[in-house]
Amino acid sequence: MRNQLSRIILILCAVILAVYSLWPTYQDYKYRKSLSVLTGKDSLDYFELHEQDFQKAKENRMKLGLDLQGGMRVVLEVDVLQLIDDLGKNRDDTFRRIISEMRAESKSEANVIQSFAKKFQDGGIRLSRYYRSLRDDDATIISWLEDATEKAVDQAIEIVRNRVDQYRVSEPNIQKRGGRRIIVELPGVKDEKEVSQLLQGTAKLEFRMLKDPDVSFKVLESIDRFLTGKTTDDTTAAKPSKTAKSEEKPRDALTELLGGKQQPSPADTTQESRIQRDHPFLSYLRFNQQSGEAFAMDKDRDRLTRLLTRPDVQNILPPDFELLWSAKSQQFADGNKYYTVFALRKTPELTGGVIVNAYASVNPEDNRPVVNMEMNSEGARDWSRITGANIGKRVAIVLDNGVFSAPTIIGKIPSGRSQITGIDSPNEARLLEIVLKAGALPAPVAIIEQRSVGPSLGEDSIRSGLTASIIALAFTVLFMVLYYKTAGFVADIALLFNILFLLGVMAGFKATLTLPGIAGIVLTIGMAVDANVLINERIREELMGGKTLRAAVDAGYVKAFSAIFDSSITTFLTGVILYQFGTGPVQGFALTLMIGIVASMFSAILITRVTFNLMMDRGLQPNFG
């Protein structure tokens, strides 16, 4: 027993981790089942009571793919020819004729730019006649067009991703396919018309001034007082009386919430709940007193959005005042993700139509990434006036109602050429470059495929997949018990652990389970006992050779290991190749296959051997058929 202790501890740790990873999936199922039997106000009350638990379970549960959950799959294609047309200059009849011919001949996945350039070259026409400088050769211009196309597709992806994030779709999948296609999978979405408008509409880029932090906080306080039932002009609520102790407590709680030094009383065990009751809005915000910024945890964002969109709350906001979320979250030292709440003027100072160019670069003085942007003459004139009148203030760059950046104006900019500093990484600089150039989609985007997957189909797929898995498991279990007797029963126990580990790893790493993934699980069930078949046959041979049971078991595991390892590693490498070069369904199959291979080796070699050793230590004689 002592010799097996370390192995037993390792197995127990693996089981505990697997159960821990799968627990949110069980909780999510339990909450959904409880919610499904409630209606009307009971349903709303139950959701409000368990909202945070719902959100936490949803974030950490095993993810279901589009084919299991239902939703929409949309294939977008960027019109590269239109982009090439827009980039051209001095466009004459020859240029337009070639564009028309390309539209008639172009295949969906063909290399448009190479074919386009070849038509000019066949006609003896240099590309520099229509692009860039006359000094540039065709190779330089082709490279420039290809780079512009790649950036346009990346820009379109970023716009689509931002819109989907604003739409609050759970677990979306957005990926680039080929040179100019974008695959968008939206689980749980049903409205085709709304999705078309969301993905194809023109992006709205705006420059808006931030409100003064003192003004912003007063407005936030007025929202908080309103939600507690106090009127916004109630001066006793804003300034607590020195003699009214009941009015001092909310202020003390608020002081602590905003970073004050006051510590809670040891007897006050419900201070957090009191703060949330006395401050139903401010209690969900964290404040940076130096910058005046307010932050909210990702899990509280939906709750605060519902409060802010209530008509009665909107009515108490000043006329030219709007609260918007940051487009991206940031992770704080406590490990949680936070979104910034920006208080902005509702009226934009400029729109994205004035930007003619934006590019990321590096500041030579400090080697920090920066983004340079250029405006047209009209925009430069307005930008000069705006920056001159707001030196020291912050201006927000807003795309589709999400704030991407809020730099500080450090001086008047008369030329329309600005530089945005304070950027943390080159990736962030490239993202901001894309956003600044995204006043509209860079080229028309067409929906070339739009497919809806109903939830009933997803339920049927899950039911069919589970049925296939159970049948495969039953046949495998029955065969092993009938053929290998006790050893087969031990292998079946290891098989159950194998499935537990496989699902636990997928849930722990937030992998997405798809219908091909279920097929991979079914295949794993069949393959999982292969290792035990090899081991059992080796043990049989050793027993026939006259060895004792314990010596035969030890020799069987040692001699079978090389064959098990070789077959597992080759199958695993095949899964790696499938995952690397395959598309969505193939990747789902490859993922479960790779995890299943590793789990199979762990359970087949370690768990079965520990079980056999424990049985022999207790004087039991395993039967190998």
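Taking each heavy atom of S21 and A507 in turn, the nearest pair found is O-CB, 3.5 Å. Closest heavy-atom contact between L210 and A396: CD1-CB, 3.5 Å. Shown here for P280 and T228, the closest heavy-atom pair between the two residues is CD-CG2, 3.2 Å. Scanning all heavy atoms of the two residues, the minimum distance from I316 to I223 falls at CD1-CA, 3.9 Å. Considering every non-hydrogen atom in both F404 and A327, the closest pair reads CE1-CB, 3.4 Å.
The CD1 atom of I397 lies 7.5 Å from the CD1 atom of I355; values are rounded to the nearest 0.5 Å. Distance check: S216 OG to K211 NZ gives 8.0 Å after rounding to the nearest 0.5 Å. In this structure, OH on Y20 lies 9.5 Å from CG on L17, to the nearest 0.5 angstrom. In this structure, CG on L285 lies 5.5 Å from CG on L304, to the nearest 0.5 angstrom. Taken to the nearest 0.5 Å, the CZ atom of F295 stands 12.0 Å off from the OG atom of S329. Note that NZ of K218 and CZ of R225 are 10.5 Å apart. Values are rounded to the nearest 0.5 Å.
Environment of CZ in F281: crowded, with over 12 heavy atoms of neighbouring residues, nucleotides or ligands closer than 6.0 Å. The 12-atom threshold is exceeded at CZ of F321, counting heavy atoms of other residues, nucleotides or ligands nearer than 6.0 Å. Heavy-atom contacts from other residues, nucleotides or ligands closer than 6.0 Å to CD1 of I410 number 12 or fewer. Within 6.0 Å of NZ on K337 lie no more than 12 heavy atoms contributed by other residues, nucleotides or ligands. Other residues, nucleotides and ligands contribute more than 12 heavy atoms inside 6.0 Å of the CD atom of Q331. Shown here is K30, whose NZ atom has more than 12 heavy atoms of other residues, nucleotides or ligands within 6.0 Å. Dense packing is recorded around NZ of K346, with more than 12 heavy atoms of other residues, nucleotides or ligands lying under 6.0 Å away.
Looking at I409 and V395, their side chains come closer than 4.5 Å, going by heavy atoms from C-beta outward. Here the side chains of I174 and I183 are not in contact, with every heavy-atom distance at 4.5 Å or above. V403 is listed as a side-chain neighbour of L344, based on a closest heavy-atom distance under 4.5 Å. In this structure, the side chains of S326 and F342 come closer than 4.5 Å at one or more pairs of heavy atoms. For the pair P311/Q314, no side-chain contact is recorded, criterion being any heavy-atom separation below 4.5 Å from C-beta on. Between F226 and V313, some side-chain heavy-atom pair lies under the 4.5 Å cut-off. Taking 4.5 Å as the limit, every side-chain heavy atom of D300 sits out of range of all side-chain heavy atoms of D298. Considering only heavy atoms from C-beta on, R394 comes within 4.5 Å of E293 through its side chain.
In terms of the salt bridge (Lys or Arg N to Asp or Glu O under 4.0 Å) criterion, residue partners of K176 (sequence neighbours excluded) are, by chain and number, D154. Annotation: salt bridge (Lys or Arg N to Asp or Glu O under 4.0 Å) contacts of D28 (sequence neighbours excluded): R32, R61. With sequence neighbours excluded, the residues that form a side-chain contact (heavy atoms from CB on, under 4.5 Å) with T305 are R301, T309, W325. With sequence neighbours left out, the side chain to side chain donor-acceptor pair (under 3.5 Å) criterion links D334 to N336, Y338. For T574, there are no side chain to side chain donor-acceptor pair (under 3.5 Å) partners, not counting sequence neighbours. With sequence neighbours left out, P24 forms a side-chain contact (heavy atoms from CB on, under 4.5 Å) with N60. For R208, the salt bridge (Lys or Arg N to Asp or Glu O under 4.0 Å) criterion is met by E206, E322, not counting sequence neighbours. Remark: Q330 engages T340 in a side chain to side chain donor-acceptor pair (under 3.5 Å) (not counting sequence neighbours). Applying the side-chain contact (heavy atoms from CB on, under 4.5 Å) criterion to I499, with sequence neighbours excluded, gives L473, L503, I525. By the side chain to side chain donor-acceptor pair (under 3.5 Å) test, D320 pairs with T347, sequence neighbours left out. Under the side-chain contact (heavy atoms from CB on, under 4.5 Å) criterion, D214 pairs with D212, sequence neighbours left out.
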- Starting from the C-alpha separation in whole Å, work towards a yes-or-no answer on side chain to side chain contact (heavy atoms under 4.5 Å, CB included) for L502 and I521. CA-CA 8 Å; L502 191 158; I521 294 176; 3.9 Å; yes
- Take V75 and I182, measure what side chain to side chain contact (heavy atoms under 4.5 Å, CB included) needs, and give me the verdict at the end. CA-CA 6 Å; V75 181; I182 305 169; over 6 Å; no
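In this structure, D312 pairs ionically with R310, as a charged nitrogen and a carboxylate oxygen lie closer than 4.0 Å.
Ring to ring, F287 and F217 are close: their centroids are under 6.0 angstrom apart. Taking the six-membered ring for Trp and the full ring otherwise, W23 and Y26 have centroids separated by under 6.0 Å.
The closest side-chain donor-acceptor pair between N372 and S361 falls under 3.5 angstrom.
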Can you give me every donor-acceptor pair (side chain of residues 592-603, partner residue at least two apart or in another chain, under 3.5 Å) with its distance?
residue, atom, partner, partner atom, Å
T592, OG1, G517, O, 3.1
T592, OG1, G588, O, 3.3
T592, OG1, F589, O, 3.0
S600, OG, N498, ND2, 3.3
S600, OG, G596, O, 2.7
S603, OG, A599, O, 2.9
S603, OG, S600, O, 3.3

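Between the side chain of E349 and the backbone N or O of M209, no donor-acceptor pair lies under 3.5 Å. The backbone N or O of S283 lies less than 3.5 Å from a partner atom in the side chain of R286, making a donor-acceptor pair.
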